Structures are given as structure tokens and as C-alpha cells.
Amino acid sequence: MAKLVFGMNLSLDGYVDHQEFAPDATLFRHWIEQVRGLSGSLYGRRMYEVMRYWDDDDPEWTPDLRDFAMAWRSQPKWVVSRSLQSVGPNATLVAEDVEAAIRGLKAGLAGEIQVAGPDLAGTLTDLGLIDEYRLNFHPVVLGRGKPFFTGPRPPLRLVASDRIGEEAIRLTYVPA
């Protein structure tokens, strides 16, 4: 059975915003390796549209950016959306009965499936489907933006804490 993991970079005050801060080189390499090891990724519409950036090569990319793009392109993706009519390469649109579709993914796959996007993660948490939360804190305070947690969460239990790179601390929680 696959494990659903929601993990993102966030500010010290709990906001996610990929345009306000970026991972250092060590954390970025960590993300590359993590993506390579996934059974797939599950996206909400907005996060999927952000990540579509990796579908097209950019001649100015560094080797690490190219590595991430290749890892991202090669993995299966499922996109939860009622407004999209189609999705890109190696992606499947999930428009109806999200709970049944995600339970089917969990039952039919092994390994980890990354959940990307706070709104989708909030919905899946409410359904009791998220198995682990990985919060990658960066030393910035935004004071505004999209929160990592979109609403009240059930009690969580800390299972690990790791420093990744020079600035990020990852806290890993599971439902208590």
C-alpha cells in the first residue's frame, strides 16, 4: 500500500510561496532524489499549473535544474481538478469521486506518493488519507500568503527532525 506524503518548503510563519524563497543547493539535490524515488505525485490544479514549468526545457537551466525536470517528467502524476479538461504528459486527470480514486491509488501502488498543494492536502487530510507531513522550514517570515495547513488538523505526532542544507529544517509528523 502506498503512503501519501504532503511536504513543502515553507516560511517560519507557516506560508508556502515558491516565489519568495528557494531551497539552497543541498536541499534542491534532496528534492531531486526524493522525486526520483516517488511512485508518483498528486496535484491540485494550481500547483500542477505551477509545476508544468518543468515540462519544457530551458537552455539556461543548470545541470541540477535539468536533473529535477527529468525526474519530474518521468514520474506518474495525478491531477485533481474539476475545471481542467486535459493534463500534460505522464499525467492523469482525476475529476470525479476523488476519495475513491485516491484510495484506489493507495491500495494499488507501493512506495510514496507526494501530495502537492495545500488545498488538496487539506481535502485529503479531512478524508483521513494523508499518512505523513513533511514541513521544510526556511529562515524567512512572510507574514502573508498561502498557509501550509488550510484548516484545523487532527493531532499530529513528531517522528523526525532533520537539517537539510545550510538553512532548512524538516519536521516530519504523522497523524496521532
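For the single chain, residues carry numbers from 1 onward in sequence order. Treat the numbers as computed from the prediction; the structure is a model and nothing was measured. Only this structure's heavy atoms are used, side chains among them; waters, hydrogens and symmetry mates stay out.
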List the steps, then state whether salt bridge (Lys or Arg N to Asp or Glu O under 4.0 Å) holds for R73 with D56. CA-CA 10 Å; R73 290 175 193 163; D56 298 314; over 6 Å; no

Nearest 0.5 Å, what's the CG-CZ distance between D97 and R103? 10.5 Å

Answer with yes or no whether the hydrophobic clustering places Y15 together with V50; edges join I, L, V, M, F, W, Y residues whose side-chain heavy atoms lie under 4.5 Å apart. no

Take the angle between the ring planes of W72 and Y43 and call it parallel below 30°, perpendicular above 60°, tilted in between. perpendicular

Is there a path of hydrophobic side-chain contacts, each under 4.5 Å between heavy atoms of I, L, V, M, F, W or Y residues, that connects L142 with V16? no

Specify the closest pair of heavy atoms between P118 and P147, including all atoms of both residues, with the distance to one decimal. CB-O, 3.3 Å

Following the transitive rule for hydrophobic clusters with a side-chain heavy-atom cut-off under 4.5 Å over Ile, Leu, Val, Met, Phe, Trp and Tyr, establish whether L129 and Y173 coincide in one cluster. yes

Heavy-atom neighbours of R46 CZ exceed 12 at 6.0 Å: no

Taking all non-hydrogen atoms of both residues into account, name the closest pair between G111 and S39 and its distance. CA-OG, 3.6 Å

Are R144 and E20 close enough that some pair of their side-chain heavy atoms sits under 4.5 Å apart? yes

Can a donor-acceptor pair be found between the side chains of D13 and S11 at a distance below 3.5 Å? yes

Between T125 and Y133: side-chain donor-acceptor atoms closer than 3.5 Å: yes

Are V140 and L171 linked, directly or through intermediate hydrophobic residues, by side-chain heavy-atom contacts shorter than 4.5 Å (ILVMFWY only)? no

Side-chain contact, heavy-atom cut-off 4.5 Å: F149 with L135? yes

Interatomic distance, CG@L93 vs CZ@R45, rounded to 0.5 Å, equals 12.0 Å

In one Ile/Leu/Val/Met/Phe/Trp/Tyr side-chain cluster, 4.5 Å: I102, M1: no

The reported gap from OH in Y48 to CG in L42 (rounded to nearest 0.5 angstrom) is 12.5 Å

Do E60 and L65 have side chains that get closer than 4.5 Å, going by heavy atoms? no

Using only heavy-atom distances, determine whether the side chains of Q75 and S41 contain a donor-acceptor pair under 3.5 Å. yes

How close do N9 and F21 get, heavy atom to heavy atom, and via which atoms? CB-CE1, 3.8 Å

Got a second to check how far K3's NZ is from K106's NZ, nearest 0.5 Å? 10.0 Å

Rounded to the nearest 0.5 Å, what's the gap from NZ on K146 to CG on D119? Could you check? 3.0 Å

Mind listing the closest non-hydrogen atom pair of Q114 and G7 along with its distance? NE2-O, 4.5 Å

Answer yes or no: is there a side-chain heavy-atom contact under 4.5 Å between I32 and H30? no

Please give me the minimum heavy-atom distance between L27 and A168, naming the atom from each residue. CD2-CB, 3.7 Å

L156 vs V174 side-chain heavy atoms within contact, under 4.5 Å: no

So, D58 and R66, do they make that salt bridge, N to O below 4.0 Å? no

For the pair K77 and D55, find out whether any cationic side-chain nitrogen is under 4.0 Å from an anionic carboxylate oxygen. no

Is any side-chain heavy atom of I113 closer than 4.5 Å to one of V5? no

So that I can tick it off, tell me whether R29 and D24 are bridged by a salt bridge, with the cut-off set at under 4.0 angstrom between side-chain N and carboxylate O. no

Report the C-alpha separation of E33 and W31 in whole Å, then their side-chain angles, then the decisive distance to 0.1 Å, and conclude whether the side-chain contact (heavy atoms from CB on, under 4.5 Å) test is met. CA-CA 5 Å; E33 296 309 316; W31 282 113; over 6 Å; no

If you define the side chain from C-beta out and look only at heavy atoms, does anything of T92 sit under 4.5 Å from V79? no

Do R52 and M47 touch side chain to side chain, with heavy atoms closer than 4.5 Å? no

Going through the distances and angles, do E167 and N136 end up as a side-chain contact (heavy atoms from CB on, under 4.5 Å)? CA-CA 10 Å; E167 298 182 340; N136 296 286; over 6 Å; no

Step by step, would you call W54 with F68 a ring-ring contact (aromatic ring centres under 6.0 Å, His included)? CA-CA 8 Å; W54 299 104; F68 183 86; 4.8 Å; yes

Ignoring hydrogens, what is the shortest heavy-atom contact between P23 and H138? Give both atom names and the distance. CA-CE1, 3.8 Å

CZ (F148) and CZ (F137) are apart, to the nearest 0.5 Å, by 8.0 Å

